[in-house]
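Have a look at the structure below before the remarks.
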Protein chains: 2
Amino acid sequence: MVESGLAGRRKPTSADVARAAGVSQSTVSYVLTGKRPISEETRRRVEGAIAELGFVPNSGARTLAGRRSHVIGLMIPFRAGVEISANLAFVGEIAAIARKADHDVLLVTSDEGPAGLSRLRDSGMCDGLILMDVEARDPRVEAARGLGVPCVVIGVPDDRSGLSCVDLDFEAAGGDAVSLLVGRGRDVIGLVSPGPHGERGEMSFTRRFVAGAEASARDRAELVAASADPDFGSLARAVDSILSARPDCRAFAVHMSSAVEPVLAILRARGLEPGVDVDVVGVCDEDVAARNRTALDALVLQPERVSAEAMDALFCQIDGTRAVGTRLELVAAPVVTRGGAALS
Amino acid sequence: MVESGLAGRRKPTSADVARAAGVSQSTVSYVLTGKRPISEETRRRVEGAIAELGFVPNSGARTLAGRRSHVIGLMIPFRAGVEISANLAFVGEIAAIARKADHDVLLVTSDEGPAGLSRLRDSGMCDGLILMDVEARDPRVEAARGLGVPCVVIGVPDDRSGLSCVDLDFEAAGGDAVSLLVGRGRDVIGLVSPGPHGERGEMSFTRRFVAGAEASARDRAELVAASADPDFGSLARAVDSILSARPDCRAFAVHMSSAVEPVLAILRARGLEPGVDVDVVGVCDEDVAARNRTALDALVLQPERVSAEAMDALFCQIDGTRAVGTRLELVAAPVVTRGGAALS
DNA sequence: CTGAAAGCGCTAACAA
DNA sequence: TTGTTAGCGCTTTCAG
């Protein structure tokens with residue numbers, strides 16, 4: 001650890017470590033990788049020398065010789081409209097998990113498109129890829145299929161064949177939201193969800209949420225749906241359109257973290273106190289749920305769990321534990337009711 | 001480009017390209033790097049072969065031999081409370097700029113701390129570092145100083161010595177906000193800004209915004225400040241505390257993109273129509289400013305410009321165009337008034 | 001203007 | 001349990 005003696009010292013290499021420890025250079029490598037048994041005594045000496053010299057293996061050399069970069073490529077659409085900020089939670093967790101497994105994360109924007117994916121593959125920069133925020137019909141998905149490299153997709157594209165997909169289970173969430181409101185005695189339910197965003201096909205998660213809600217509502221409740229952008233004006237219009245279609249609507253399911261608090265405010269402004277006059281269930285992250293506990297039931301989104309599943313699936317592919325193949329993993333959103341207790 | 005013939009083909013190397021083009025392997029390298037003159041004829045042949053074979057240089061080898069990774073390390077605090085989502089705009093732009101300069105971006109979380117910085121340096125994974133979202137007193141800053149590697153910080157720490165810092169000019173924004181409201185005939189101004197977030201010292205940008213506002217208000221207006229978290233309840237309390245301190249307050253400066261629309265809604269709920277009864281100036285991003293043009297004056301934050309400045313500074317350090325040294329670059333937020341015209 | 005050849009610092013056979 | 005050695009695919013002198 002100590003930066004000893006002489007000035008202008010170059011970075012120590014594994015050869016320096018070997019010399020200091022009085023072993024061969026390959027032994028140093030084996031101590032590092034653990035790919036063959038090392039005597040306790042030798043290991044101690046090597047590890048001592050490593051600490052002594054502050055040795056950090058050179059990543060380029062490791063990659064070149066080992067044909068493994070220990071890097072995960074993460075492709076994110078920065079342009080996309082709604083809920084990009086929701087992506088941050090995924091990203092942070094992915095980075096954390098990667099580090100725990102001695103990997104790093106390389107960031108690429110979706111602007112690079114399919115070509116970006118091939119570039120990453122061919123340059124040998126990444127051992128595997130995660131595509132975030134994949135929509136119903138996504139050009140990146142075409143490229144990902146048969147890219148011939150470990151790859152996991154976050155989101156549910158229409159055609160998942162040959163792909164490993166992970167996402168939050170919005171369909172179940174839609175069902176749970178309706179059940180919760182029906183359970184509170186409501187039979188007219190307003191649905192506020194993110195508007196379709198054009199370019200990349202309808203937002204798959206909106207469609208799934210609505211489908212789940214509809215299936216669950218059948219025979220039990222009437223659904224009035226409206227979609228909105230996450231700004232106040234758009235949300236107000238959505239709420240108003242629901243209330244004008246069914247003025248007796250006293251139950252709302254709001255699908256979008258950033259929309260929940262505005263909708264609560266909008267309802268109050270219409271003279272409807274959430275938790276008293278109207279029942280509101282938010283499909284949102286923990287923070288939003290927590291600070292509105294008295295007004296809100298919630299289906300708590302846990303993006304960290306999605307990240308964990310995705311990384312797990314990816315690592316399985318990388319070290320061949322599991323073959324690549326069509327695969328779908330959906331992470332449920334636990335129900336938290338106004339009392340604060342989890343129901344599910 | 002075409003994946004020709006034989007099955008099980010390994011990735012083409014520069015040697016394959018050389019063979020196909022009938023030149024030496026070093027010539028291929030020189031065509032790629034442009035580090036020495038190449039005859040038109042030779043260049044054509046080599047580039048043809050590259051396209052033909054779909055050759056992509058192996059990044060590990062390039063890094064090892066060239067002692068340049070062509071990767072920029074980006075350290076982000078994912079835990080941080082407020083306005084993390086604001087970071088996304090910076091990140092997307094950084095990634096885009098990096099690509100244009102044939103670089104990639106490696107993501108690390110601030111959880112790795114100072115040790116993470118040394119790791120990146122010693123592993124040779126990055127040619128330079130950008131630390132995002134740096135606060136007044138930030139442990140990463142200590143480590144960054146004298147890391148001996150090109151490094152740029154986004155944010156303004158208390159002690160900037162030896163550091164290259166870039167940020168939005170919140171101090172000027174505070175001043176401009178006050179001037180704008182004074183110009184609209186107001187002399188009591190409510191300031192709503194992000195609350196201090198404890199751990200890492202007061203949020204430097206809040207302090208700077210308030211300082212700028214105070215300097216600008218001197219003799220011209222009275223300031224009533226309140227800080228808030230970005231949720232509706234906290235913002236409502238902040239607005240109410242201002243209104244109860246000065247019930248005649250009819251001017252508000254709101255510093256935080258995610259707070260602007262809630263504050264507009266809160267004011268309306270208090271019977272004060274923004275743009276009519278009260279003047280509101282938001283320090284916010286373009287989207288928020290645009291969709292509230294009729295109710296709001298705005299100081300439009302341009303994180304992309306900060307990213308551009310930061311990358312520029314970093315590349316200067318990397319290729320030695322500019323020495324490392326204390327340096328501060330502040331990016332102004334242009335004024336957009338209700339008419340839609342930029343004043344600044 | 002171009003080629004030949006020596007590494008960059010590691011991993012992983014192969015050999016003991 | 002350890003050492004020896006041959007590369008990994010580039011960049012970059014040094015020669016021509």
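These numbers were taken from a predicted model, which means no experiment stands behind them. A, B, ... follow the sequence lines: proteins, then strands. Residue 1 opens every chain.
A salt bridge between E40(A) and R44(A) is absent, with no side-chain N of the basic residue lying under 4.0 Å from a carboxylate O of the acidic one. R99(A) and D111(B) are not joined by a salt bridge, as no carboxylate oxygen comes within less than 4.0 angstrom of a charged side-chain nitrogen. D102(A) has a carboxylate O that lies under 4.0 Å from a charged side-chain N of R62(A), or vice versa, which qualifies the two as a salt bridge.
Put simply, CD1 on I50(A) is 13 Å from C1' on dC10(C), counting in whole angstrom units. Atoms CZ (R67(A)) and C1' (dA12(C)) sit 11 Å apart, rounded to a whole Å. Atom CG in L32(A) sits about 14 Å away from atom C1' in dA12(C), given to the nearest Å. dG7(D) atom P lies 14 Å from atom CZ of R10(B), rounded to whole Å. Between the P atom of dC8(C) and the CG atom of L64(B) lies a distance of 9 Å, rounded to the nearest Å. In this structure, R19(A) places its CZ atom 13 Å from P of dT4(D), rounding to the nearest Å. dG3(D) atom C1' lies 14 Å from atom CZ of R45(A), rounded to whole Å. Per the geometry, CZ belonging to R43(B) stands 9 Å off P belonging to dT2(C), to the nearest Å.
Nucleic acid contact for T63(A): none, since no nucleic acid atom lies under 4.0 Å from a heavy atom of the residue. If you check every strand for non-hydrogen atoms under 4.0 Å, S59(B) touches nothing. Within the nucleic acid shown, V28(B) has no heavy atom closer than 4.0 Å to any nucleic acid atom. In this structure, S39(B) reaches the sugar-phosphate backbone alone: every heavy-atom distance under 4.0 Å involves primed, P, OP1 or OP2 atoms, never a base.
Remark: L120(A) CG to L74(A) CG distance equals 10.5 Å, nearest 0.5 Å. Atom CD of residue E329(B) and atom SG of residue C165(B) lie 11.0 Å apart, to the nearest 0.5 angstrom. Separation of atoms CE (M75(A)) and CZ (R140(A)) is listed at 6.5 Å; rounding is to 0.5 Å.
Where N58(B) and Y30(B) each meet DNA chain D at their nearest nucleotide, the meeting point lying more 5' is that of N58(B).
Put simply, S26(A) has no side-chain N or O that comes within less than 4.0 Å of OP1 or OP2 on dC10(C). For dC10(C), the OP1/OP2 oxygens have a side-chain nitrogen or oxygen of S14(A) closer than 4.0 Å. For S24(B), no side-chain nitrogen or oxygen approaches OP1 or OP2 of dA4(C) to under 4.0 Å.
For the side chain to side chain contact (heavy atoms under 4.5 Å, CB included) with I50(A), the lone residue among V17(A), V56(A), D16(A) that qualifies is V17(A).
Each of dT11(C), dC1(C), dC10(C) was ranked by its minimum atom distance to the side chain of P37(B); first place goes to dC1(C). Checking dG9(D), dC10(C), dT2(D) against every side-chain atom of T27(A), the shortest atom distance belongs to dT2(D). Side chain of K35(B), nearest nucleotide from dT12(D), dC10(D), dG3(D): dT12(D).
Over its length, the helix from dC1(C)-dG16(D) to dA16(C)-dT1(D) turns its helix axis by 30°, as judged from the five terminal pairs at each end, rounded to 10°.
Residues I94(B) and I154(B) have side chains in contact (heavy-atom distance under 4.5 Å, counting atoms from C-beta outward).
Counting atom types as modelled, R36(B) pairs a side-chain N or O with a base atom of dG3(C) as donor and acceptor under 3.5 Å.
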